[in-house]
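First up is the structure itself, then whatever we jot down about it.
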Amino acid sequence: MKKTHVKDLVQDIFYKIEGDFDNPTKDNLIDVIKHLRGFASIYRKPEIVKKHVSEIMVLIEKLD
């Protein structure tokens with residue numbers, strides 16, 4: 001996917017969860033990751049998706 005397509009996908013998910021793309025909350029980020037996990041599972045092996053989600057969640061959990 002091109003960068004613009006990925007950005008559009010992420011913005012669409014923020015819209016669906018009624019989150020603010022430009023000023024997301026920690027909960028918004030967690031919800032977006034959950035949606036993206038399902039999307040990524042179509043294209044990637046489950047163990048790769050799980051690894052990446054875990055890595056991203058470590059970063060999200062460090063937020064205030």
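Only this structure's heavy atoms are used, side chains among them; waters, hydrogens and symmetry mates stay out. In this text the structure is predicted, and so the values were computed from the model without any measurement.
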*Intermediate values then yes/no, side chain to side chain contact (heavy atoms under 4.5 Å, CB included), Glu18 and Asn28*: CA-CA 8 Å; Glu18 298 180 359; Asn28 289 161; over 6 Å; no

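- Between the side chain of Asp8 and the backbone N or O of His5 there is no donor-acceptor pair closer than 3.5 Å.
- Counting non-hydrogen atoms of neighbouring residues, nucleotides and ligands closer than 6.0 angstrom, the CZ atom of Phe21 exceeds 12 such neighbours.
- Hydrophobic clustering places Ile13 together with Val6 (ILVMFWY residues linked when any side-chain heavy atoms are closer than 4.5 Å, directly or through intermediates).
- Two residues are said to be in side-chain contact when any heavy atoms from C-beta on lie closer than 4.5 Å; Lys34 and Leu29 fail this criterion.
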*Can you check side chain to side chain contact (heavy atoms under 4.5 Å, CB included) on Leu36 and Leu9, steps first, answer last?*
CA-CA 9 Å; Leu36 289 172; Leu9 172 66; 3.8 Å; yes

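- With salt bridges taken as basic N to acidic carboxylate O contacts below 4.0 Å, one links Glu55 and Lys51.
- With rounding to the nearest 0.5 angstrom, the OG1 atom of Thr4 is 9.5 Å from the NZ atom of Lys7.
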*Which is it for Lys26 and Glu61 under the side chain to side chain contact (heavy atoms under 4.5 Å, CB included) test, yes or no, and what are the steps along the way?*
CA-CA 8 Å; Lys26 187 175 179 177; Glu61 290 302 324; 3.5 Å; yes

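- Considering only heavy atoms from C-beta on, Asp20 stays 4.5 Å or farther from Phe14 through its side chain.
- Hydrophobic clustering (side-chain heavy atoms under 4.5 Å, transitive across Ile, Leu, Val, Met, Phe, Trp, Tyr) groups Val53 together with Ile60.
- The distance from atom CG of Leu63 to atom OG1 of Thr25, rounded to the nearest 0.5 Å, is 10.0 Å.
- Expressed to the nearest 0.5 Å, how far NE2 of His52 lies from CD1 of Ile33 amounts to 11.5 Å.
- Screening Asp12, Asp27, Ile30, Asp31 against Ile17 for a side chain to side chain contact (heavy atoms under 4.5 Å, CB included) leaves a single residue, Asp31.
- Cluster membership for Tyr43 and Val32, using ILVMFWY side-chain heavy atoms within less than 4.5 angstrom, is shared.
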